[in-house]
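Take a look at the structure set out below.
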2 protein chains.
Amino acid sequence: MTTTSPQSGPVAPSTSVLRPLPHGALRLTGGYWGGWQERNGAVVLRHCEDWIERIGWAGNFDGAASGAEFAHAGIEFVDSEVYKLLEAMAWELGRTGDPELAARYERLVERVAAAQDDDGYLHTAFGRPWQRPRWSDLEWGHELYCMGHLLQAAVARLRTAGSGRLVDVAVRVADHLVEVFGDGGREAVCGHPEIEPALVELGRAVGDPRYVRLAQLFVDRRGHGRLGPIAFGPEYFQDDLPVREAEVWRGHAVRAMYLAAGAVDVAVETCDAELVAAVERQWTNTVARRTYLTGAMGSHHQDEAFGADFELPPDREYGETCAAIASNMVSWRLLLQTGESKYADLMERTLHNAVMVAPRQDGRAFFYANTLHQRVEGSVPPEDDLSARALSSLRAPWFEVSCCPTNLARTLASVESVFATTTDTGLQLHQYGDYDVDVTLPGGTPVGFRVRSDWPSGGTVTIEATADTGTCVALRLRVPAWASDAVLETPEDTRRASGTDTVTVERVFAVGDRVTLTVPVTARLTTPDPRIDAVRGTVAVERGPLVYALESVDLGRDVGDVVLQPGAEPLDDGPDDVRVRVAPRTVRTAGVLPYGGPEVTTEEAGTVRLVPYATWGNRGPSTMRVFLPVG
Amino acid sequence: MTTTSPQSGPVAPSTSVLRPLPHGALRLTGGYWGGWQERNGAVVLRHCEDWIERIGWAGNFDGAASGAEFAHAGIEFVDSEVYKLLEAMAWELGRTGDPELAARYERLVERVAAAQDDDGYLHTAFGRPWQRPRWSDLEWGHELYCMGHLLQAAVARLRTAGSGRLVDVAVRVADHLVEVFGDGGREAVCGHPEIEPALVELGRAVGDPRYVRLAQLFVDRRGHGRLGPIAFGPEYFQDDLPVREAEVWRGHAVRAMYLAAGAVDVAVETCDAELVAAVERQWTNTVARRTYLTGAMGSHHQDEAFGADFELPPDREYGETCAAIASNMVSWRLLLQTGESKYADLMERTLHNAVMVAPRQDGRAFFYANTLHQRVEGSVPPEDDLSARALSSLRAPWFEVSCCPTNLARTLASVESVFATTTDTGLQLHQYGDYDVDVTLPGGTPVGFRVRSDWPSGGTVTIEATADTGTCVALRLRVPAWASDAVLETPEDTRRASGTDTVTVERVFAVGDRVTLTVPVTARLTTPDPRIDAVRGTVAVERGPLVYALESVDLGRDVGDVVLQPGAEPLDDGPDDVRVRVAPRTVRTAGVLPYGGPEVTTEEAGTVRLVPYATWGNRGPSTMRVFLPVG
């Protein structure tokens, strides 16, 4: 167990097996993630800012500050979009220090601060004479949810700049919440978890145990039916069972995982091993039974919820972008607490597929729901109007409920924070890309590496020491779960790393020492568990960490009737030229109903090209599928 | 083309190929349908009445009549539940004449009548000073929808009693609507179709062409974006395309089919062959691509809507009971217009499976959504509280939105109206059961038959003449589409009726003449079209008109891992002893994710019993599936 640096990424547990790096210790230098982080700073942040301004979501704070009656724009929880944007801007400022961005950030913070009530309460949709009273709709009002994102934004500023106006605002909010909901106060919870991890993190960042205590109360209160009855049932907001008793995540996916993240945070700060174990168990069961191949979670559109075990329809997948981000929030916390590589494996899968399918290549439009099977060509959403969140089509610039774009922005702005960790004696690399890492281990050992990789297209990672460690340091590398046969080359030896989930090089590193991990990346067939009824008789194609998809623009016709030749391995001539052999297709045409009719074979065999799933939908309307029937 | 009798069932087109029977000409005498119609009269009607009274939905009319401010109970369209109950009561009264029921009926009618405004408008949730203004929410307000059901209730009274207080109320409503929405009036439509068929039917019943004209206006106005934008898009309420241009049903399933029914009605009365052809085309495409094996329609919970072509997930089926009823409304109209037996085939499938799965065996609880695959044992809904409509579990006594129980009640109360038709020279039997039919053909030919059958368990229909026809009469019998080898025995000969969809006996019938149709009923495997991705690699078992299901109470464990032996035909020792051979089951257990792990075989082979799908869920909580994987 170690103690964290006061400055770090979004999560800084007071004790953990693996320790997050201090902020700035790992810098992306290019490659896939470096490119996207640049685009996030240059395009996505501005895009979010423009929309939030244009449709009045930032203006709500001006209205609230004015004291006069104003028309609140958007759904009641749009404050949270401003806060997630501020969080993203804070991480980006920590990276670049760009003065123009700093000025924009400070102006927006001032508008938020001006809307805070004297007693610390801050929400633009509740509490004024012409609005609903404070805390009058805990089921759907999202007051604590919004304030949670405000606290997270303040934590980002604390971790990157040490202090700031938003931190003062957040502390006043948190103090107010302690008064209202703390010991002896109102025994209530919010319909949408988020305040729980936020309070713990603010408590860690400013060193105030009262905030952690309040988060603990919120976690413990949940699951006892304190929220009112709703049509979706109490499991929708995880009020059906106490967190420590649940076996699997259920109900609204984002709610379930924000709560789980907060539960781990509370457990860590209160030495509650049982509670950590409960979340580990839920993670294991959910990943084994309720998770899509991309790492996406949540099968139901109606209630944005997990389905039953193995209910994973590719076409009706909801797979909300925010749920993928929430999944990574939990996995990262469990990786830190346990050190187990499976959490980093799922994060890699989820980041590269379920998260990164969301943004359009130009960073100006986003999926909200992420299907694995697009049956009809979508229409192009308007560039200037709000889109409905539920309709999966092409990516849309903005949504009536637009939680995903800002969530993606804060994730991309801090994505490198989950790439590596330290222990007292070593450095662990969990995610690969192009980055430089420099950190001092406890005891003063300097550790520095230049990491370069062609990830996710290729599987070679070269790691060159940029510091003389002077003492023995353990460099631990994750061997992806999908790797069938990895090779590790060190200055002394070459090792096969098959069948293990990490490899470790222990040495006194000298500048220029080089370690290379090579993981064969070749397109492979993946067969789903037969209990996933919706994809029986199909296979998917994966290549390295990427899930591949068949898109109609490459086929020249709809993807609906493609059937693969049984037993045929995919053809791999590089990441942009993955092909599969298709069989003659068979349809039934004679019946009035699509049951029981005779089969008719209608087309010749051949090969068809697949593309990385995350890139689909960037070439105009198309149909698409990930799971391909085998004939 | 023939002219209809003034008294008939719910639908009486002025011209048609086949003519509905006069009301009372066909009487159920027992058997499956006779039993259910009795239970409907004895149990279901009273059950609906009690609930509507208890939770204030009938009381809304008292409140509206009082002139004082009152708290409106229930969602804004609960008036329609009272009207559908009144329709059901009217049909039941027409059958039994029960004076106690008549008194209850008249009392309820008086309460409705008292709430009518002076100008004829009648709705309990709009138009009073403290309510929203009339017609202020055409998208969601359901004002015209409710009034449509009022008109239908009045038509039922007209057709069974010739007149009544409710008829006067309905005529005043209809006159008011002509004034507001007729030629030169407001060019609007209702978000939920229903007024269209209702206006035509009232127009037919009272002989007022203005009502038909208004229905025509409503049909023609639709599809031009007159309804405001909603998150589900304009196709949700079929405002995306004019009815005559659409190729398939889409959007909200009940809305789509109520509209289609109204379009046929309008087309018939206005000699619009193009419009009838459009609905026939939509029926064909929808049945071939968007219909469940049970005849159920509607794949999406979220918007209660049709999915894309072949998007028919069994576990996420919505399959609303009302949509199945609506499908039959359209099929019946097309059967009358075309005489084509395929419409009666779909009605049989839909009635026996998609409709009759809804009521619990005791008639006191109902499914709203009807899944084909129940993955988790449901909890027992409360007998005394409202249930949420969306959660498929066991059948519930009543719902917050409770359109299905009253819709079922009116359907059962008039179910025999779709069993037979006449032409100038003959009688056509479309549905089988136990009934007596007596009708006089144009020209005065008396036709009478006693029909007895063990349908749906068996496939033998005996038809005995109970009248001397004196002249040649064509008795036409439907040979079900599922019949592989039917035999027709007449006094003169025995014919095989394989490969035809009807058989006709032309003779001068004398009392005692007997015709027997025998259709082999043996459990059979049905393979779905490979384009239905969600059931790839599975088969279903059908027996006669019934779809069968595997239920966990018969298995002793969850149904999730049952796999059939390839190529094995089902074992049939009668309707209550249908079994299938199961293969050793295979699961994947080793992976963190349910993809790509090794297979493990865990259990021995054997046989398992299936039950008729419509009866599932009557023996306590269970899991269930219709489509069974083949190993």
Side-chain angles (χ1 to χ4, degrees), chain A residues 230-233 284 287-289 291 293 299-303 307-316 342 345-346 349 373 375-376 388-391 400 481-482 526-538 540 560-561 563 586-588 591-597 599 625 627 629, chain B residues 230-233 284 287-289 291 293 299-303 307-316 342 345-346 349 373 375-376 388-391 400 481-482 526-538 540 560-561 563 586-588 591-597 599 625 627 629:
Chain A
I230 60 167
F232 296 141
T284 299
V287 172
R289 306 178 198 158
T291 301
L293 183 62
S299 310
H300 292 190
H301 279 246
Q302 181 176 250
D303 46 358
D309 287 350
F310 306 109
E311 184 184 279
L312 294 163
D315 46 1
R316 291 302 292 162
K342 66 182 180 183
D345 276 328
L346 184 69
R349 178 178 291 277
H373 183 177
R375 289 177 172 276
V376 290
R389 63 174 158 171
L391 304 174
E400 287 163 3
W482 48 263
T526 302
T527 306
D529 188 303
R531 289 170 293 184
I532 307 176
D533 294 288
V535 291
R536 177 173 293 105
T538 69
D561 50 22
V563 174
T586 296
V587 293
R588 289 167 196 276
V592 173
L593 285 154
Y595 306 97
E599 295 191 351
R625 65 187 303 167
F627 286 99
Chain B
I230 59 167
F232 297 141
T284 300
V287 173
R289 304 177 199 159
T291 300
L293 183 63
S299 310
H300 291 190
H301 279 246
Q302 180 175 252
D303 45 358
D309 287 350
F310 305 107
E311 183 184 278
L312 294 163
D315 47 0
R316 291 303 291 162
K342 67 182 180 185
D345 276 327
L346 185 68
R349 176 178 292 278
H373 184 177
R375 290 178 173 274
V376 289
R389 63 175 158 173
L391 303 174
E400 287 163 3
W482 49 263
T526 302
T527 305
D529 188 301
R531 288 171 293 185
I532 308 177
D533 294 289
V535 292
R536 177 172 293 106
T538 70
D561 50 23
V563 174
T586 296
V587 294
R588 286 166 198 276
V592 173
L593 283 155
Y595 306 96
E599 294 191 352
R625 65 187 303 167
F627 285 99

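Sequence lines set the chain letters: A, B, ... in the order given, protein chains first and strands last, and positions in each chain run from 1. Small disclaimer: the values here were computed from a predicted structure and weren't measured.
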* Can you name the closest pair of heavy atoms from Pro594(A) and Ile532(B) and give their distance? -> O-CD1, 3.7 Å

* **Whether Tyr595(A) side chain and Leu293(B) backbone form a donor-acceptor pair below 3.5 Å** => yes

* To do: Evaluate the criterion side-chain contact (heavy atoms from CB on, under 4.5 Å) for residue pair Arg536(A) and Val535(B); output intermediate values, then yes/no.
  => CA-CA 8 Å; Arg536(A) 177 173 293 105; Val535(B) 292; over 6 Å; no

* Asked: Based on non-hydrogen pairs under 4.5 Å, which of Ala308(B), Gly307(B), Ala288(B) is most in contact with chain A?
  ->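 Looking at each of Ala308(B), Gly307(B), Ala288(B) in turn, Ala288(B) comes out on top.
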
* Counting only heavy atoms closer than 4.5 Å, note whether Phe627(B) contacts chain A via side chain, backbone, both or neither. => side chain

* Counting only heavy atoms closer than 4.5 Å, note whether Asp345(B) contacts chain A via side chain, backbone, both or neither. =>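 For Asp345(B), neither part sits under 4.5 Å from chain A.
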
Within the 4.5 Å heavy-atom criterion, are [X] and [Y] side-chain neighbours or not?
X         : Y         : result
Arg375(B) : Asp533(A) : yes
Arg316(B) : Glu311(A) : yes
His300(B) : Gln302(A) : no

* **When Ser299(A), Pro629(A), Pro314(A) are compared by non-hydrogen pairs under 4.5 Å with chain B, the top option** =>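 Greatest number of close heavy-atom pairs with chain B: Pro629(A).
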
* With side-chain contact (heavy atoms from CB on, under 4.5 Å) as the test, would you mind laying out the steps for Leu593(B) and Leu346(A) before giving the verdict? => CA-CA 9 Å; Leu593(B) 283 155; Leu346(A) 184 69; 4.2 Å; yes

